[in-house]
S.K.: 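Below is the structure I would like to discuss, written out as structure tokens.
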Amino acid sequence: MAKQFHVRVDLERCKGCELCVDACPRDLLIMSKRLNTKGYRVPDNHSDERCVGCRQCVDMCPEAAIEIDKEARAVSAEASPARDTA
């Protein structure tokens, strides 16, 4: 089973500081043009598939507005690397 990570941002807690965007080593977070109810621009996660769950965005967020969820998912035989069982 492979792990799939999902970055969740509590948009109402976010103050648009962009520290999470700078912290992500895989450049998964980008600032959107959307605003939360307080008028702050909020980040979007544009590629959950590439998230490795490093939590650097979580650790960097001063508002504790980011969580990483992980779920196990089956990897199909076609997507898995071939193994030599001999």
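Numbers here are sequence positions counted from 1. Nothing here was measured: the structure is a model prediction, and the numbers come from that model.
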S.K.: Taking the side chain as every heavy atom from C-beta outward, state whether T37 and E12 have any atom pair closer than 4.5 Å.
M.R.: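 Yes - at least one pair of side-chain heavy atoms lies under 4.5 Å apart.
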S.K.: Charged N to carboxylate O below 4.0 Å: is that the case for R13 and E63?
M.R.: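 Answer for the salt bridge query: no.
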S.K.: Are the side chains of V7 and L29 in contact, using a 4.5 Å heavy-atom criterion?
M.R.: yes
S.K.: As an exercise, state the distance from SG of C17 to CG of D22, rounded to the nearest 0.5 Å.
M.R.: 8.5 Å
S.K.: Return the NE2 to CD distance between H6 and E67, rounded to the nearest 0.5 Å.
M.R.: 13.0 Å
S.K.: Looking at every heavy atom in both C14 and V9, which two are closest together, and how far apart are they?
M.R.: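 The pair with the smallest heavy-atom distance is CB-CG1, 4.4 Å.
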S.K.: Is there a donor-acceptor pair closer than 3.5 Å between any side-chain N or O of S32 and the backbone N or O of P43?
M.R.: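 A pair under 3.5 Å: no.
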S.K.: Which heavy-atom pair separates Q56 from A23 by the least distance, and what is that distance?
M.R.: OE1-O, 3.2 Å
S.K.: Determine whether a donor-acceptor pair (N or O, by modelled atom type, separation under 3.5 Å) exists between the side chain of K15 and the backbone of Y40.
M.R.: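 Checked: no pair found.
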S.K.: Report yes or no: do M60 and F5 belong to one cluster of Ile/Leu/Val/Met/Phe/Trp/Tyr joined by side chain heavy-atom distances under 4.5 Å?
M.R.: no
S.K.: Out of the candidates C57, C61, P62, only one should pair with L19 under the side-chain contact (heavy atoms from CB on, under 4.5 Å) rule; please name it.
M.R.: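 Per the side-chain contact (heavy atoms from CB on, under 4.5 Å) rule, the option paired with L19 is P62, out of C57, C61, P62.
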S.K.: So do R41 and L35 actually touch side chain to side chain, heavy atoms under 4.5 Å?
M.R.: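 Side chain of L35 against side chain of R41, heavy atoms only: contact under 4.5 Å found.
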S.K.: Mind listing the closest non-hydrogen atom pair of L11 and N36 along with its distance?
M.R.: O-ND2, 2.7 Å
S.K.: Return yes if some donor-acceptor pair links the side-chain N/O of R26 with the main-chain N/O of V52 below 3.5 Å, else return no.
M.R.: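 No, because the side chain of R26 does not come within donor-acceptor range (under 3.5 Å) of the backbone of V52.
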S.K.: Decide side-chain contact (heavy atoms from CB on, under 4.5 Å) for I66 and R8; before the verdict, give the C-alpha distance in whole Å, the side-chain angles of both, and the deciding distance to 0.1 Å.
M.R.: CA-CA 6 Å; I66 303 174; R8 289 188 314 135; over 6 Å; no
S.K.: Here's a test for you: under side-chain contact (heavy atoms from CB on, under 4.5 Å), which of V21, D27, L28 qualifies with C24?
M.R.: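 That would be L28.
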